[in-house]
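Data first, discussion second: the structure below is written as structure tokens.
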Amino acid sequence: MERSRFALIGSGRMGSFHGETLSRRLPATRLVAVADPAPGAAQRLAAELGADRAYTDAAQVWADPEIDAVVIAAPARFHAGLIVAAAQAGKHVFCEKPAALTLADADRAIDACRAAGVVLQAGFNRRFVPDWAAARTLLDTGQLGTPRLLRSVTRDPGGFDPARVAPGTIFLETLIHDFDTLRFLNPGAAAVEVFAVADALVESDWRDRGLLDTAVVTVRFDNGAVGTAEACFEASYGYDVRGEVLGSGGMATMGDGRRTGMVFSYAAGRMIETARSDQELFGDAYVAELAAFAAAVRTGAPPPVTGEDARAALAIALAAAESVRTGHPVRIEAK
């Protein structure tokens, strides 16, 4: 089987993981180029992963005829522009969340990919985690019945620099995973109203500078279901991601944060080891989402997470941020 040729844009923590997946974990892909404007960054990662080319300008990727697809792991503010440029160059696109920071930019990115006939897949990895995929199967087969209450939780392990957290990050880059999860676990329904509360409870000295590091969001859907999403930037015990669906036919719960299934019983009580990072807890899901994207590139099949999915989660995130600013529920207008 001929391998699809990929370029990676962005060589930071997540980009490096995706680059390693493309070069070493998936037999159907080959990493041929790395692009990063930071001096020496692309060269270092390309050398480490065996990529042929290192670029400091993404325009060099667009001009490279040997690149079939790109994986975008650059900072979020660049995502929409990079998607549009990639599409115009005829490259298929996988983009880390969020695909854009405004709905207008999301529409621009979606339209560019549609016009160019290229695949656009958004990086919502929880859809590829076995627990969440199994819950969705229960919904698709009718065993869970009609969703009534949904819950999604993200608690990061801490250690963040508050000076580097842009306004709205908790909604646009953290809870956006949870918003997509609520949609994934309420298939066919659309969010219609959002109410959110948020504060700086981890780094309270930064509250007056606009930091929000803890939030709870309520999302009402047009089928009557109500979802809650919560996030905090610090959990002393590790990286904690969980979910729950209560339906007319029963309840499904997902995730418990365990590193392994081992429980150590000893004189002081019982202990379990918890995961300490997203790549530790969801490493297999990160690989699976790129495998699905590579399959869509190769076969022309629709990607499992679309640009429209990215836009719908973004609409919830923007409404949540507005709700915090105004103190009132915010309606989401149908597109």
Side-chain angles (χ1 to χ4, degrees), residues 97 121-155 174-197 215-232 239-258 260-261 263 272 274-275 278 281-282 284-286 288-289 291-292 295 301-306 308-317 319-320 323 329-332 334-335:
K97 52 74 190 169
Q121 181 173 324
F124 289 130
N125 60 78
R126 275 176 222 177
R127 294 176 178 233
F128 300 88
V129 181
D131 285 13
W132 278 259
R136 175 59 186 259
T137 297
L138 290 176
L139 288 160
D140 290 341
T141 59
Q143 293 173 269
L144 254 178
T146 302
R148 294 170 175 169
L149 294 174
L150 306 103
R151 185 180 183 221
S152 186
V153 174
T154 298
R155 296 175 185 167
T174 300
L175 277 163
I176 199 163
H177 275 299
D178 301 273
F179 302 147
D180 180 69
T181 296
L182 295 180
R183 294 186 63 253
F184 179 63
L185 296 175
N186 193 13
V192 294
E193 186 178 79
V194 176
F195 180 69
V197 293
V216 178
V217 182
T218 302
V219 182
R220 293 184 61 87
F221 290 88
D222 61 1
N223 64 346
V226 179
T228 57
E230 68 170 72
C232 183
Y239 184 59
D240 183 8
V241 176
R242 285 172 281 128
E244 180 181 291
V245 182
L246 174 66
S248 58
M251 179 180 70
T253 59
M254 298 78 74
D256 64 7
R258 296 187 185 205
T260 71
V263 177
I272 63 171
T274 53
D278 56 343
L281 187 62
F282 290 146
D284 290 344
Y286 283 129
E289 66 180 355
V305 193
T306 65
E308 288 78 9
D309 289 321
R311 187 193 191 280
L314 176 63
I316 299 173
S323 178
V330 174
R331 294 285 298 179
I332 296 178
K335 186 177 182 296

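What you are looking at is a predicted structure, and each value in this text was computed from that prediction instead of being measured.
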message: What verdict does the side chain to side chain contact (heavy atoms under 4.5 Å, CB included) test give for L182 and N186, after you've listed the backbone C-alpha separation in whole Å, the side-chain angles of each residue and the deciding distance to 0.1 Å?
response: CA-CA 6 Å; L182 295 180; N186 193 13; over 6 Å; no

query: Is there a salt bridge (charged side-chain N to carboxylate O under 4.0 Å, His left out) between D178 and R126 once you walk through the steps?
result: CA-CA 9 Å; D178 301 273; R126 275 176 222 177; 3.0 Å; yes

message: Apply side chain to side chain contact (heavy atoms under 4.5 Å, CB included) to residues R331 and V192 and explain how you reach the verdict.
response: CA-CA 6 Å; R331 294 285 298 179; V192 294; 4.1 Å; yes

- request: Check the pair F179, V194 against side chain to side chain contact (heavy atoms under 4.5 Å, CB included), reporting the backbone distance first and the verdict last.
  value: CA-CA 11 Å; F179 302 147; V194 176; over 6 Å; no

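Side-chain contact between F128 and V305 is present, with at least one heavy-atom pair separated by less than 4.5 Å. Between L139 and P147, the closest side-chain pair of non-hydrogen atoms falls below 4.5 Å. When side chains are defined from C-beta on, D240 does not count as touching T274, because their heavy atoms never get closer than 4.5 Å.
Between A319 and I332, the shortest heavy-atom contact is CB-CG1, 4.0 Å. The heavy-atom pair separating A135 from M254 by the smallest distance is CB-SD, 3.7 Å. The shortest non-hydrogen separation linking V241 to W132 is O-CH2, 3.7 Å. Of all the heavy atoms in H177 and G123, the pair that sits closest is CE1-O, 3.5 Å. Across all non-hydrogen atoms, the minimal contact from R242 to G255 is CG-O, 3.1 Å. Considering all non-hydrogen atoms of both residues, A196 and S323 come closest at N-OG, 2.9 Å.
Of the possible polar contacts, one joining the Q121 side chain to the E289 backbone as a donor-acceptor pair under 3.5 Å is found. The backbone N or O of F184 sits less than 3.5 Å from a side-chain atom of R136, completing a donor-acceptor pair. Remark: side-chain polar atoms of N125 are not paired, donor with acceptor, to backbone N or O of A285 under 3.5 angstrom. In terms of modelled atom types and a separation under 3.5 Å, the side chain of D222 and the main chain of A190 share a donor-acceptor contact.
Note that CG of D278 is 5.0 Å distant from OH of Y239, once rounded to the nearest 0.5 Å. Taking CG of L246 as the reference point, atom CG of L149 lies at 5.0 Å (rounded to 0.5 Å). Atom OG1 of T218 sits about 9.5 Å away from atom CD of E193, to the nearest 0.5 Å. Taking CZ of R183 as the start and CG of L150 as the end, the distance is 12.0 Å to the nearest 0.5 Å.
For the side-chain contact (heavy atoms from CB on, under 4.5 Å) test with I316, the passing option among V219, D180, L175, I176 is V219; the others fail.
Look at D309 and R127 and you find a salt bridge, because one of the NZ, NE, NH1 or NH2 atoms lies within 4.0 Å of a carboxylate O, short of that distance.
With a 6.0 Å radius and a threshold of 12 heavy atoms from other residues, nucleotides or ligands, D256 has its CG atom above the threshold.
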